[in-house]
Trainee: 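My structure is below; once you've seen it, I'll send some questions.
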Amino acid sequence: MTNRQHNRPHAATRPARWAADTVAAMREGARLRLDYSARSLWRVDRVIEEIRRERTPYAAVESALRGFGAYAGEVIVREGGAEWWATGGEHWVRTADGRFWDPIDEARRCFGGHGSLRLLCREALGPVVRA
C-alpha cells in the first residue's frame, strides 16, 4: 500500500476527504476499522447490504454511499497507482491502463442490490491485487 497523499491532483481533494470521513465514521459509529486495503471492501459491501436490508430511504444514506464509494476509489488509487479525475462535479478513478471507474456510482448500485465495491476493485486492479 502506497501513500500518495503528497502531490496529489486537485481532483483527489474531495473524494480523499469523503473517504477519510467515512473511515472515521465507521471507526467511531460502527467500531469498524477500515485500512484502505482491497480486503476491507468486503466489510464495506456488507455494511451497505445491511443498510439496504433495513430499507433506509436513499436520501438518508446518499452522503454515506458517496463516502463508501470514495473509500473504494481511494483503495484503487493507493493499491493500484490510479488517480482521481473530476469533471462537472463527478469523480472517477483512472487506472494505469487508462480505464475509468466510477466507485461512487458503484456504491449506489450496491445499495440497489446490483453492485459490489469489492468486485469493482478486483476488476480495476486486475492482477495487481486480489480482494
Trainee: With no hydrogens and no angle check, is any side-chain donor or acceptor of Glu106 less than 3.5 Å from a backbone partner on Gly115?
Mentor: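 Pair absent, no side-chain N/O of Glu106 close to backbone of Gly115.
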Trainee: Take Glu83 and Trp85 through the side chain to side chain donor-acceptor pair (under 3.5 Å) test and state the conclusion after the steps.
Mentor: CA-CA 7 Å; Glu83 63 183 343; Trp85 283 57; 3.2 Å; yes
Trainee: With side chain to side chain contact (heavy atoms under 4.5 Å, CB included) as the test, would you mind laying out the steps for Leu120 and Leu41 before giving the verdict?
Mentor: CA-CA 10 Å; Leu120 175 82; Leu41 292 173; over 6 Å; no
Trainee: Under the ring-ring contact (aromatic ring centres under 6.0 Å, His included) rule, collect the residues that match up with Trp101, sequence neighbours excluded.
Mentor: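 Testing Trp101 for ring-ring contact (aromatic ring centres under 6.0 Å, His included), a comparison that skips the adjacent residues, returns none.
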Trainee: Give, for atom CG of Asp97 and atom CG of Leu125, the distance between the pair rounded to the nearest 0.5 Å.
Mentor: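 Rounded to the nearest 0.5 Å, the CG-CG separation comes to 10.0 Å.
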Trainee: Can you list the steps and then say if Thr13 with Trp18 is a side chain to side chain contact (heavy atoms under 4.5 Å, CB included)?
Mentor: CA-CA 9 Å; Thr13 303; Trp18 297 330; over 6 Å; no
Trainee: Any chain of hydrophobic side-chain contacts (each under 4.5 Å) joining Trp42 to Ile48?
Mentor: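 Trp42 does not cluster with Ile48.
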Trainee: Do Arg109 side-chain atoms and His114 backbone N/O form a donor-acceptor pair below 3.5 Å?
Mentor: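 Answer holds: yes.
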Trainee: Whether Glu50 and Arg53 form a salt bridge (side-chain N of Lys/Arg under 4.0 Å from carboxylate O of Asp/Glu) is what I want to check.
Mentor: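 Judged by the 4.0 Å cut-off on N to carboxylate O distance, Arg53 and Glu50 do not form a salt bridge.
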Trainee: Between Ala82 and Val93, which heavy-atom pair has the shortest distance, and what is it?
Mentor: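 That would be CB-CG1, 3.5 Å.
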Trainee: When rounded to the nearest 0.5 angstrom, what is the spacing between CD1 in Ile76 and CH2 in Trp92?
Mentor: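 One gets 15.0 Å once the value is rounded to the nearest 0.5 Å.
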Trainee: Specify the closest pair of heavy atoms between Val23 and Leu34, including all atoms of both residues, with the distance to one decimal.
Mentor: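 Result for this residue pair: CG1-O, 3.8 Å.
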Trainee: Between the main-chain N or O of Ser116 and the side-chain N or O of Asp45, is there a donor-acceptor pair closer than 3.5 Å?
Mentor: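 A pair under 3.5 Å: no.
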Trainee: Over 60° means perpendicular and under 30° means parallel, so tell me whether Tyr71 and Tyr36 are parallel, tilted or perpendicular.
Mentor: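 Taking Tyr36 first and then Tyr71, their aromatic rings sit tilted (interplane angle of 30° to 60°).
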Trainee: How close do Glu79 and Ala38 get, counting heavy atoms only, and between which atoms?
Mentor: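 Closest approach of Glu79 to Ala38, heavy atoms only: OE2-N, 3.1 Å.
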Trainee: Do Tyr58 and Val47 sit in one hydrophobic cluster, given that two such residues count as connected whenever their side-chain heavy atoms are within less than 4.5 Å of each other, even indirectly?
Mentor: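 Yes, Tyr58 and Val47 fall within the same hydrophobic cluster.
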Trainee: Whether the Glu74 and Trp84 side chains hold a donor-acceptor pair (N or O, under 3.5 Å, no angle test) is what I'd like checked.
Mentor: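 A donor-acceptor contact under 3.5 Å links the two side chains.
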Trainee: Does Arg43 use its side chain to pair, donor to acceptor, with the backbone of Arg33 at less than 3.5 Å?
Mentor: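 The answer is yes, because a donor-acceptor pair under 3.5 Å joins these two groups.
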Trainee: Do you know the tightest heavy-atom contact between Pro103 and Ala72?
Mentor: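 Heavy atoms of Pro103 and Ala72 come nearest at CB-CB, 4.1 Å.
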Trainee: What's the shortest heavy-atom distance between Gly67 and Thr22, and which atoms?
Mentor: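 Scanning both residues, the minimum pair turns out to be CA-OG1, 3.0 Å.
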Trainee: May I ask you to say whether Asp21 pairs ionically with Arg17, meaning some side-chain N is under 4.0 Å from a carboxylate O?
Mentor: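 So Asp21 pairs with Arg17 through a salt bridge.
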Trainee: Answer yes or no: does atom CZ of Arg99 have more than 12 heavy-atom neighbours from other residues, nucleotides or ligands under 6.0 Å?
Mentor: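 More than 12 within 6.0 Å, yes.
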Trainee: Tell me whether Arg94 at atom CZ has more than 12 heavy atoms from other residues, nucleotides or ligands lying less than 6.0 Å away.
Mentor: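 Counting neighbours around CZ of Arg94, more than 12 heavy atoms of other residues, nucleotides or ligands fall under 6.0 Å, so yes.
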Trainee: Run the salt bridge (charged side-chain N to carboxylate O under 4.0 Å, His left out) check on Arg52 and Glu49 step by step: do they pass?
Mentor: CA-CA 5 Å; Arg52 187 174 74 79; Glu49 175 62 24; 3.0 Å; yes
Trainee: Evaluate salt bridge (charged side-chain N to carboxylate O under 4.0 Å, His left out) for Glu62 paired with Arg66, printing each intermediate quantity in order.
Mentor: CA-CA 6 Å; Glu62 184 175 9; Arg66 181 187 67 200; over 6 Å; no
Trainee: Roughly how far, to the nearest 0.5 Å, is the CD1 atom of Ile104 from the NE2 atom of His91?
Mentor: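 One finds 6.5 Å between NE2 of His91 and CD1 of Ile104.
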Trainee: Same cluster or not: are Val44 and Leu32 linked, directly or through other Ile, Leu, Val, Met, Phe, Trp or Tyr residues, by side-chain heavy atoms under 4.5 angstrom apart?
Mentor: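 Yes; tracing contacts between hydrophobic side chains, which count when under 4.5 Å, links both residues.
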Trainee: Looking at every heavy atom in both Phe111 and Pro57, which two are closest together, and how far apart are they?
Mentor: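 Closest approach of Phe111 to Pro57, heavy atoms only: CZ-C, 4.5 Å.
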